[in-house]
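Below: one structure, written as structure tokens.
Quick note: numbers below take in every heavy atom, side chains included, and nothing from hydrogens, waters or symmetry partners. These numbers were taken from a predicted model, which means no experiment stands behind them. Quick note on labels: first sequence line is chain A, next is B, and so on, each numbered from 1.
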Amino acid sequence: MKKVNKKTFMLLMAVLCTVMLFGCSGTTDNSKEKTSTPDSSSEEIKEKQEKQVQTITIWHSADATIADTLQKQVDSLNPDVNVKFERKENMAESLKLVGNDPESAPDMYLWAHDKVGVFAEMGILSPITDFIGEEETKALIPMTLEAGKYDGQNYQLPIYYEALLFMYNKALVKEVPKTTDELLQRMKSETKDGHYVFVEQHSTSYCSAPWIQGFQGYIINESKTPGLDLPETIQALEYHKEFVPYMPADGEYNTVTTLFTEGKSEFAIGGPWLVPGLKEAKVDLGIASMPVLPNGNPLKPFSGVQGIHVLKHVGENKKGAVASVLKVLVKPEVGIALAEAANCAPANVRAYDNVAISENEMIMALREMAENVVPMPNVPEMDVMWGITDELLASINKNNGNVAEECRRCQKMALEQIEAMH
Amino acid sequence: MDRRKGYTHWIYLVPFLIFIIMTVLIPLIYTFYVSFTNMSVYHWTNYKFIGLKNYYKALLTVDSGFLSALFRTLLWTALNIILLVFFAFVIALGLNSPELRFKNIYKTLLIFPWAMPAYVTILLWRMGMFNTEFGFLNQLIRKAGWQPINFLSTDVYAFLSCMIINLWLGIPYMFTMIDAAMQSIDRGIYENAYMEGAGFWRVHVFITAPMIAPILTPILIMTAFTNFKQFDIVYLMTMQTGSKTGANIHTLITYVYDKAFVTSNYGYSAAVTGIISLIIIILYMGMQKIARSKVN
């Protein structure tokens, strides 16, 4: 019995070893195996290879509705080009790991523009101008095209964009304030007993950027210089701090969203992603123009432009297929379909001629804002700025820190961390 | 026969050794190698050997912030170990009471926090208990007519809040171990002690505690290092990107994460990791030495 057990154990170990070793070997593409069968004639091989070249894989981490809508649009390229949208979790990390590996990387990916700088510096992106001409992109909103530019090259074909919106509950609001001063007066006089006039995530970089940018300050500019200690930024944060005592102390996403959804706040600044939940909760949602600051500028939120990026490894072999996919996705019909299916604001201006879109309050608000929004910085240095700016805002708004001192401290920290990146 | 015996156990170990080499040793060697290069976003494919520059840069992070994070981590570890052992010991004593009925039900309920994913537990506590608007604690405070407290924005409150969650997550494991250790004690010893007039606390302080100490020593060392390497509770409660609370309760790991890992400078991050690992190894050796001398 003992011997049998021993033999069985040895056998199991051998199987386990074999499985582990085979598990470590690279995956085998069946289609490639087929092309290398000795029976195939060279013409068949060539034909099959050509067919293989026509398969385009696009990674995404978007909502299923958006991916399905885009998939339907590119399905029109069948059978010449077979495009597959594949959902990928942790896409940034995956692209860092396999972006240069033709065996594992996708041909393209759909994502916001703010990582363009990182991937361009890593050398995994091709400029979209290698595949599509200016003629095809001239109908795109200039802001959306600018968003994907890094170091003089354009790495993204914009599809749709998002930005924070000034939302209000029509059931609670009679008149929408035009200026931030009016809003502040109402907050001071009407905020009490768990009822708020206005809520926002006051201590996050993304949500405070509209105030900073409205005062002509910035978090980081194109030349990778942080602007936390600029007089404009300090002025913006001092002014913004006046609003904070009349908002929930933690200013967290869940708190802000719940208060607005439950009708405990009249106004909120939030993204378009809140809209489906608000509609489900039957909030009578209104969207107004961003209120105007004392300097005459409206609040200027960040825009996040979602678009298609092409991986460098794609090379010449698939150039035609990639170009045909981009040419389909740049069409206004794609924007219209996305707007209808998922309330997305199209990057193509021609899409706004569509009647259904022109009647969509949220999308038209985003269209109006397109001239005022600031694309999120796409330089790699922005990765360190998010955390540092959050820390700055938390120390000012939650711990009552001195604005100028905290701005200087965080600017120093930002410069140190940016230096550490190199 | 003897020679066969000499290598057979190695054959049995081969699959696991391969697994350890692939998942631990190779990444470790690679990290060590990367720490001597300038691999970063800017040198992703064209990185080169730069000697000890990253270590020099990493040592510059040993500033006042680093030292206060180190002190805070030691305080965190000590307080948590003491409280974990105390509460777990008391619970285990209660569960070992001969008169107690439905012991298994209590044990199952008490183990529940351990079974929940820590990430979910932490976020539930953050929103459900400590939130300024909807948190249970602030609802009670409001009902009492006081102003709500932003538990997570001041250092002391945030530190205590994180510690409560750590205890909530850690006590089930500790009480299970203490309970198991208690099962190994001969009941006759207690009967003799009671017959000789020893009281409840005297019995457990002078009999139970010393008898379970050798079993608990490795568990305490492991728990000490789990606490020393604390990241998730402190990070998710106070430092999550987009939800920073304003409290500065950095532990050693959150501090170096904040300083090094967000920079996408992989050579530098690897060097920082090396230095932290060295600190942990030194502390581990020290604790083992102390533990061994105590047990002896």
Using a cut-off of 6.0 Å, state whether more than 12 heavy atoms not belonging to A/N90 lie near its atom CG.
-> no
Decide yes or no on side chain to side chain contact (heavy atoms under 4.5 Å, CB included) for B/N265 and A/H422, but give the supporting numbers first.
-> CA-CA 7 Å; B/N265 185 335; A/H422 295 271; 5.8 Å; no
Would you find more than 12 non-hydrogen atoms of other residues, nucleotides or ligands less than 6.0 Å from A/K312 atom NZ?
-> no
Per-residue tally against chain B (heavy atom, under 4.5 Å) across A/L259, A/I388, A/I124, A/L392 peaks at A/L259
In Å and rounded to the nearest 0.5 Å, what is the CG to OG distance from A/D250 to B/S243?
-> 9.0 Å
Please flag which part of A/E252 lies under 4.5 Å from any non-hydrogen atom of chain B: side chain, backbone, both or neither.
-> side chain
With sequence neighbours excluded, tell me which residues meet ring-ring contact (aromatic ring centres under 6.0 Å, His included) with A/F243.
-> A/W211, A/Y239
Please state whether the side chain, the backbone, both or neither of B/N150 comes within less than 4.5 Å of a heavy atom of chain A.
-> side chain
Quick one: OH on B/Y268 to CE on A/M421, what's the gap to the nearest 0.5 Å?
-> 12.0 Å
Taking atom NZ of B/K53 as the centre, report whether more than 12 heavy atoms of other residues, nucleotides or ligands fall under 6.0 Å from it.
-> no
With a 4.5 angstrom heavy-atom cut-off, which part of A/E419 approaches chain B: side chain, backbone, both or neither?
-> backbone
Contacts of residues 161-169 of chain B with chain A (heavy atom under 4.5 Å) | none
A/E190 atom CD, over 12 foreign heavy atoms within 6.0 Å = yes
Return yes when atom CZ of B/F231 has more than 12 non-hydrogen atoms of other residues, nucleotides or ligands closer than 6.0 Å, and no otherwise.
-> yes
Stepwise side chain to side chain contact (heavy atoms under 4.5 Å, CB included) check, B/T45 with A/N100 = CA-CA 9 Å; B/T45 48; A/N100 277 325; 3.5 Å; yes
Can you pull out the residues in residues 393-404 of chain A with any heavy atom less than 4.5 Å from chain B?
-> A/A394, A/K398, A/N399
Please answer whether the main-chain N or O of B/D258 pairs with a side-chain N or O of A/Q417 as donor and acceptor at a distance below 3.5 Å.
-> yes
Residue pair B/Y42, A/M122: steps toward the side chain to side chain contact (heavy atoms under 4.5 Å, CB included) verdict | CA-CA 6 Å; B/Y42 289 100; A/M122 288 169 75; over 6 Å; no
Among A/E121, A/K264, A/Q201, A/M413, residue most engaged with chain B (heavy-atom pairs, under 4.5 Å) | A/E121
Evaluate the side chain to side chain contact (heavy atoms under 4.5 Å, CB included) criterion for residues A/D383 and B/S264: first the C-alpha distance (whole Å), next the side-chain angles of each, then the deciding distance (0.1 Å), finally the verdict.
-> CA-CA 8 Å; A/D383 280 359; B/S264 295; 4.2 Å; yes
Inter-chain contacts: residues 126-138 of chain B against chain A, heavy atoms under 4.5 Å = B/R126, B/M127, B/N131, B/T132, B/E133, B/F134
B/F112, CZ atom: more than 12 neighbouring heavy atoms under 6.0 Å | no
For atom OH of A/Y253, decide whether the heavy atoms of other residues, nucleotides or ligands shown that lie under 6.0 angstrom number more than 12.
-> yes
Distance-minimising heavy-atom pair for B/K244 and A/E391 = CD-N, 3.9 Å
Which answer fits A/T255, side chain, backbone, both or neither, if we ask what part of it has an atom under 4.5 Å from a heavy atom of chain B?
-> both
Atom CZ of B/R142 and atom CG of A/D193: how far apart are they, to the nearest 0.5 Å?
-> 10.0 Å
